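As the structure is a prediction and not an experimental result, all values here were calculated from the model. Throughout, protein chains are lettered first and strands after them, A, B, ... in sequence-line order, and every chain is numbered starting at 1.
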Number of protein chains: 2
Amino acid sequence: MLSNDLHQLMKSEGIKITPQRLAIAEVLVNSTDHPSVQQIYERVKDHFPSLTLNTIYSTINVLVKRGLIQELPFQQYSRYESNLNPHLNLVCTICGDIADSSAADALVKDLLLNVEGSENFEIAWQRMDFYGECKKCTSVKD
Amino acid sequence: MLSNDLHQLMKSEGIKITPQRLAIAEVLVNSTDHPSVQQIYERVKDHFPSLTLNTIYSTINVLVKRGLIQELPFQQYSRYESNLNPHLNLVCTICGDIADSSAADALVKDLLLNVEGSENFEIAWQRMDFYGECKKCTSVKD
DNA sequence: ATTGGTGCAAAGGTTTTGCATTTAG
DNA sequence: CTAAATGCAAAACCTTTGCACCAAT
């Protein structure tokens, strides 16, 4: 997403714009590796040396509340996702990498519709994690 | 699951049996509401007044490592699951209830096979949470 | 008899809260 | 100008660790 578009999107959601918030949101939107708070911090602190974790947590909370990102709690700490389309997360049990998979999007859509129909349950959002070894970790062992 | 069967299952996994461990495992296996550590504590402490959270955490870690239960980390604390068949969790965003859904088991199976084939990713286990309002919470508002 | 589980206490690490200062609208 | 965000510090919370004692095999 372009920086200007993100700015407009946040503005349209009634989020007060600050340089720090924009930088944090840009990292989230432009990352496909589902960064943690610490990782976001490392990717932003060069541009904002005075930035603290507090501001990152606070910004994340705003973005989650407005529905612009999704939190993925894990055992040790949370990671964050900006791809809000229903999809699968392939989580590597070795290295911790998380990759989105769109390979089965049609089946995912079927599944959502089927559940909403049969369970009479309106799905606001979903989290689908598949755990296994990623290609990198499997090939390293061979 | 019968208490004796659980005992045998744990034994066969090489888990040293203690009365505390049996009681904790029984709560996990017989609960369908995905209890938290605190909830397990409340359901067991009457029978073991000296029991501490430490023992619950330690027992849970053993059961998770042996693959007898699955941990579901949430933002505030983890909850635990003993239904290891691939299935959906319907998570209520109002009251926090978590219910297993088997309504779409066939589609879930298709999805798993499809992903393993198209992504060349062997799925060790999975977590599928669908978030929305449960029937109780929806009916209360009407 | 020996390994390891239990319980008590303390520590660790992530996330939240309080508050003065600064900034966006 | 006013409301709210930032940054610093401290606190809160869940979970883990260390260790002495006790229990299971």
Side-chain angles (χ1 to χ4, degrees), chain A residues 3-4 6-28 34-42 44-66 68-80 96, chain B residues 6-28 34-42 44-66 68-80 96:
Chain A
S3 178
N4 272 341
L6 181 59
H7 190 129
Q8 290 307 317
L9 176 59
M10 292 171 70
K11 210 171 167 184
S12 73
E13 287 287 337
I15 298 172
K16 196 184 226 176
I17 309 292
T18 68
Q20 292 92 331
R21 286 185 162 186
L22 255 181
I24 294 164
E26 282 191 18
V27 166
L28 282 162
H34 308 76
S36 66
V37 165
Q38 283 292 342
Q39 287 174 314
I40 296 168
Y41 179 64
E42 282 153 23
V44 173
K45 71 177 175 195
D46 285 349
H47 304 82
F48 296 91
S50 67
L51 188 91
T52 60
L53 290 180
N54 184 326
T55 299
I56 297 177
Y57 278 108
S58 140
T59 300
I60 282 176
N61 285 339
V62 170
L63 297 174
V64 169
K65 267 184 194 133
R66 302 296 167 130
L68 299 186
I69 63 171
Q70 189 175 327
E71 179 168 4
L72 301 177
F74 284 91
Q75 192 185 23
Q76 302 159 336
Y77 45 78
S78 286
R79 296 175 67 166
Y80 299 90
Chain B
L6 181 58
H7 190 129
Q8 290 308 318
L9 176 59
M10 291 171 71
K11 209 171 165 184
S12 73
E13 287 287 339
I15 299 172
K16 197 183 227 178
I17 309 292
T18 67
Q20 293 93 329
R21 285 184 163 188
L22 254 183
I24 293 164
E26 283 193 17
V27 166
L28 282 162
H34 308 76
S36 65
V37 166
Q38 282 293 341
Q39 287 174 315
I40 296 168
Y41 179 62
E42 283 154 21
V44 173
K45 71 176 175 196
D46 284 350
H47 304 83
F48 297 91
S50 67
L51 189 89
T52 61
L53 291 180
N54 186 324
T55 299
I56 298 178
Y57 278 109
S58 140
T59 300
I60 283 176
N61 285 338
V62 171
L63 297 175
V64 169
K65 265 181 195 137
R66 303 297 166 125
L68 298 187
I69 63 170
Q70 188 175 329
E71 179 169 3
L72 302 177
F74 284 92
Q75 191 185 25
Q76 302 158 339
Y77 44 79
S78 286
R79 296 174 69 167
Y80 299 90

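- Atom CD of B/Gln38 is separated from atom P of D/dT15 by 9 Å (rounded to the nearest Å).
- Between the P atom of D/dC22 and the CD1 atom of B/Ile17 lies a distance of 23 Å, rounded to the nearest Å.
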> Between A/Glu26 and A/Ser3, does a side-chain hydrogen bond (donor to acceptor under 3.5 Å, both in side chains) hold up when you go through it step by step?
Replying inline: CA-CA 7 Å; A/Glu26 282 191 18; A/Ser3 178; 2.6 Å; yes
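- B/Met10 places its CE atom 13 Å from the P atom of D/dA24, with the value rounded to the nearest Å.
- Residue contacts for B/Pro19: at a heavy-atom cut-off of 4.0 Å it reaches the sugar-phosphate backbone alone, with no base atom in range.
- As judged by a 4.0 angstrom heavy-atom cut-off over every strand, B/Tyr57 is placed among the base-contacting residues.
- Under 3.5 Å, the side chains of B/Gln75 and A/Ser78 contain no donor-acceptor pair of N or O atoms.
- Nucleotide D/dC14 holds its C1' atom 13 Å from the CD1 atom of B/Ile56, rounded to whole Å.
- Across all strands shown, A/Gln20 has heavy atoms under 4.0 Å from sugar-phosphate atoms exclusively, and none from any base.
- We find that NZ of B/Lys65 is positioned 13 Å from P of C/dG4, with the value rounded to whole Å.
- When the side-chain nitrogen and oxygen atoms of B/Gln76 are compared with OP1 and OP2 of C/dT16, none of them lie within a distance under 4.0 Å.
- A donor and an acceptor atom sit less than 3.5 Å apart, one in the side chain of B/Lys16 and one in the base of C/dT3.
- Residue contacts for A/Thr52: at a heavy-atom cut-off of 4.0 Å it reaches a base atom on one of the strands shown.
- For B/Arg21 and D/dA24, the shortest distance from a side-chain N or O to OP1 or OP2 is not below 4.0 Å.
- Distance from the side chain of A/Thr18 is smallest for D/dT6 among the nucleotides D/dT6, C/dG5, C/dT15.
- Atom-to-atom, CD of A/Gln75 to P of D/dC13 comes out at 21 Å; the value is rounded to the nearest Å.
- Among the atoms of the strands shown, none is found under 4.0 Å from any heavy atom of B/Leu53.
- Evaluation of atom-type donor-acceptor distances gives a pair under 3.5 Å for the side chain of B/Asn54 against the base of D/dG18.
- Scanning all heavy atoms of the two residues, the minimum distance from B/Pro35 to B/Leu28 falls at CG-CD2, 4.4 Å.
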